[in-house]
Amino acid sequence: QVQLVESGGGLAQAGGSLRLSCAVSGRTFSRYALGWFRQAPGAEREFVAGIGWNGELDFYADPVKGRFSISRDNAKNTVTLRMNSLEPEDTAVYYCGLCPTHHNHYVCRSFEEYRYWGQGTQVTVSS
């Protein structure tokens, strides 16, 4: 059983910041990359940011590049998404996902690579 639980979502003002966290638990026997996706109403789920197993490599979608930062703490089995300079367009349900890998340096970027997902947390940014 593998579980991912997001937290930290809520309401923020434009230009403000939010910090999302995701706790991973269960039988994760191998290395895994982690990532964040988001889905706005009526839209498809889109990649936001990803990070490799050892935390040295990361990748960001263009709309959030320079504003969001992803990090992980393998000792605590958590991944964090720090969101700065928030915009109303960032409003969405944010999901953390787990991508199995045996590589230290690999970032999963596509939806199909992720095997486990959290339940999602709502982020709403007002003008």
Side-chain angles (χ1 to χ4, degrees):
Q1 184 180 5
V2 176
Q3 298 183 55
L4 288 77
V5 180
E6 301 97 335
S7 62
L11 178 65
Q13 298 178 2
S17 300
L18 282 176
R19 173 181 169 272
L20 305 182
S21 296
C22 176
V24 180
S25 63
R27 296 183 177 180
T28 56
F29 299 116
S30 59
R31 297 179 178 89
Y32 53 89
L34 293 167
W36 289 91
F37 285 68
R38 67 186 183 185
Q39 187 169 24
E44 296 182 350
R45 188 173 299 188
E46 64 176 356
F47 175 81
V48 176
I51 188 168
W53 167 251
N54 67 357
E56 294 184 357
L57 295 180
D58 52 24
F59 187 83
Y60 300 90
D62 287 340
V64 308
K65 194 172 300 181
R67 300 189 297 118
F68 291 9
S69 178
I70 187 171
S71 62
R72 66 187 296 167
D73 186 339
N74 287 353
K76 297 181 178 180
N77 296 322
T78 59
V79 59
T80 298
L81 184 69
R82 294 175 174 85
M83 304 182 293
N84 299 318
S85 302
L86 284 165
E87 304 169 353
E89 291 74 20
D90 296 318
T91 296
V93 177
Y94 283 71
Y95 301 88
C96 63
L98 185 152
C99 175
T101 179
H102 294 290
H103 301 283
N104 282 333
H105 307 281
Y106 184 78
V107 178
C108 301
R109 304 176 186 179
S110 65
F111 177 85
E112 291 76 14
E113 292 181 286
Y114 288 84
R115 295 290 184 268
Y116 305 99
W117 297 93
Q119 81 288 346
T121 184
Q122 176 70 47
V123 171
T124 302
V125 183
S126 62
S127 300

Participant: State, to 0.1 Å, how close D58 and I70 come at their nearest heavy-atom pair, and which atoms those are.
Facilitator: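 The pair with the smallest heavy-atom distance is CB-CG2, 3.8 Å.
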
Participant: Between T91 and Q122, does the side-chain contact (heavy atoms from CB on, under 4.5 Å) criterion hold? Intermediate values first, please.
Facilitator: CA-CA 8 Å; T91 296; Q122 176 70 47; 4.0 Å; yes

Participant: Is the shortest side-chain heavy-atom distance between T121 and V93 below 4.5 Å?
Facilitator: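 The answer is no, as the side chains (C-beta and beyond) never meet within the 4.5 Å cut-off.
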
Participant: If we only count heavy atoms from C-beta on, is the Y32 to V24 side-chain gap below 4.5 Å?
Facilitator: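 Yes. Closest side-chain heavy atoms under 4.5 Å.
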
Participant: Examine V48 and L18 and state if one hydrophobic cluster contains both, with Ile, Leu, Val, Met, Phe, Trp and Tyr joined whenever side-chain heavy atoms are less than 4.5 Å apart.
Facilitator: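 Yes, it is one cluster - the side chains of V48 and L18 are joined through contacts under 4.5 Å.
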
Participant: Return each pair, listed once, that meets ring-ring contact (aromatic ring centres under 6.0 Å, His included) where at least one residue sits in residues 85-111; pairs must be two or more places apart or across chains.
Facilitator: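 For residues 85-111, and leaving out neighbouring residues, the ring-ring contact (aromatic ring centres under 6.0 Å, His included) pairs sorted by first residue read F111-W117.
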
Participant: Among pairs that include at least one residue of residues 108-126, which meet salt bridge (Lys or Arg N to Asp or Glu O under 4.0 Å), considering only residues two or more places apart or in two chains?
Facilitator: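 Output for this query is empty, none listed.
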
Participant: Establish, yes or no, whether a centroid distance under 6.0 Å links the rings of Y114 and F37.
Facilitator: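 Aromatic pair counts; centres sit under 6.0 Å.
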
Participant: Between N84 and F68, is there a side-chain heavy-atom distance shorter than 4.5 Å?
Facilitator: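 Heavy-atom side-chain distance check fails, nothing below 4.5 Å.
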
Participant: Taking all atoms of both residues into account, what is the closest heavy-atom pair of A33 and T101, and its distance?
Facilitator: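 So the two residues come closest at N-CG2, 3.6 Å.
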
Participant: May I ask you to check whether over 12 heavy atoms, not counting those of Q13, lie within 6.0 Å of atom CD?
Facilitator: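 Open.
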
Participant: With rounding to the nearest 0.5 angstrom, report the CG to OG1 distance, L4 to T78.
Facilitator: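 It is 11.0 Å, given to the nearest 0.5 Å.
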
Participant: Please round to the nearest 0.5 Å and tell me the distance separating atom CG of L81 and atom CG of L34.
Facilitator: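 Reported value, rounded in 0.5 Å steps: 12.0 Å.
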
Participant: So which atom in I51 and which in S71 form the shortest heavy-atom distance, rounded to 0.1 Å?
Facilitator: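 It is CD1-CA, 3.7 Å.
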
Participant: Considering only residues two or more places apart or on different chains, which pairs with a residue in residues 1-21 satisfy salt bridge (Lys or Arg N to Asp or Glu O under 4.0 Å)?
Facilitator: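 Matches after skipping sequence neighbours: none remain.
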
Participant: Quick check: do W36 and F47 have side-chain heavy atoms less than 4.5 Å from each other?
Facilitator: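 Heavy-atom side-chain distance check fails, nothing below 4.5 Å.
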
Participant: Can you pull out every salt bridge (Lys or Arg N to Asp or Glu O under 4.0 Å) where at least one residue sits in residues 32-53? Sequence neighbours excluded, please.
Facilitator: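 Salt bridge (Lys or Arg N to Asp or Glu O under 4.0 Å) check on residues 32-53 returns R38-E46, R38-D90.
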
Participant: Side chains of V123 and L20: closer than 4.5 Å at any heavy-atom pair?
Facilitator: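 The answer is yes, as the side chains (C-beta and beyond) meet within the 4.5 Å cut-off.
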
Participant: Among side-chain atoms of R82 and S17, is any donor-acceptor pair under 3.5 angstrom?
Facilitator: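 No.
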
Participant: Applying disulfide (SG to SG under 2.5 Å), which residue pairs with at least one partner in residues 50-105 are found, sequence neighbours left out?
Facilitator: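 Output for this query lists C22-C96, C99-C108.
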
Participant: Using the rule that two of Ile, Leu, Val, Met, Phe, Trp, Tyr join whenever any of their side-chain heavy atoms come within less than 4.5 Å, decide whether F59 and L57 are in one cluster.
Facilitator: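 Linked within one cluster.
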
Participant: Check the pair Y60 / R67 against side-chain contact (heavy atoms from CB on, under 4.5 Å), numbers first and verdict last.
Facilitator: CA-CA 10 Å; Y60 300 90; R67 300 189 297 118; over 6 Å; no

Participant: S127: what forms a side chain to side chain donor-acceptor pair (under 3.5 Å) with it, not counting sequence neighbours?
Facilitator: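 In terms of side chain to side chain donor-acceptor pair (under 3.5 Å), with neighbours along the sequence ignored, S127 is linked to no residue.
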
